[in-house]
Asks: 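Handing you a structure now.
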Amino acid sequence: DRSGQFIVLRPKEFAILVYLMERPEEVVSRHELALNIWRDSEIWTNTLDVHVNHLRRKLDKPFKNPLIQTVHGKGYTIDERKNI
């Protein structure tokens, strides 16, 4: 639920969101996501990128303030101060 809108997420999308939200304002590397979501540090980075892009389309596209931020060369972060 973001701003009163129900959002349907796939299991991996939900797992990524939970993992990031448990670490507010902390930069989570792609490697860390791979280890903790897929339990595999060797997943193709494209697989992770596709899941994050799908999650962004569902969570961020309809809203003015994006929730998921990319920290170039480091990973992803969520700013909980943004409206959820």
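All figures in this text were calculated on a predicted structure; none of them were measured in a lab. For this chain, numbers begin at 1 and follow the sequence in order. Atom set for the values below is all heavy atoms of this structure, side chains included, hydrogens, waters and symmetry mates excluded.
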Asks: Do Leu59 and Ile7 have side-chain heavy atoms sitting under 4.5 Å apart?
Replies: yes

Asks: I want to check something: taking the side chain as every heavy atom from C-beta on, are Tyr76 and Val71 in contact at a cut-off of under 4.5 Å?
Replies: no

Asks: Trp38 versus Leu48: any side-chain heavy-atom pair under 4.5 Å?
Replies: yes

Asks: Going by the rule salt bridge (Lys or Arg N to Asp or Glu O under 4.0 Å), which residues pair with Arg30 if we only count those two or more places apart in sequence or in a different chain?
Replies: Asp49

Asks: Kindly compute the distance separating CD1 (Ile16) from NE2 (His54), expressed to the nearest 0.5 Å.
Replies: 10.5 Å

Asks: Taking all heavy atoms of Arg10 and all of Glu13, pick out the closest pair and write down the distance.
Replies: N-OE1, 2.8 Å

Asks: Within this structure, what is the OG1-CD1 distance for the pair Thr77 and Ile68, rounded to the nearest 0.5 Å?
Replies: 10.0 Å

Asks: Are Ile37 and Val18 co-members of a hydrophobic cluster defined by side-chain heavy atoms under 4.5 Å apart?
Replies: yes

Asks: Check side-chain hydrogen bond (donor to acceptor under 3.5 Å, both in side chains) between Arg56 and all other residues, then give those that pass, not counting sequence neighbours.
Replies: Thr70

Asks: If I compare all heavy atoms of Asp60 with all of Leu67, which pair ends up nearest, and what's the gap?
Replies: OD1-N, 2.7 Å

Asks: Can you list the residues that meet the side-chain contact (heavy atoms from CB on, under 4.5 Å) rule with His31, with sequence neighbours excluded?
Replies: Ser29, Leu35, Ser41

Asks: Using the test salt bridge (Lys or Arg N to Asp or Glu O under 4.0 Å), find all partners of Glu32 that sit at least two apart in sequence or belong to another chain.
Replies: Arg23

Asks: Who are the salt bridge (Lys or Arg N to Asp or Glu O under 4.0 Å) partners of Lys12, not counting sequence neighbours?
Replies: none

Asks: Do Leu17 and Ile78 have side chains that approach each other closer than 4.5 Å (heavy atoms only, starting at C-beta)?
Replies: yes

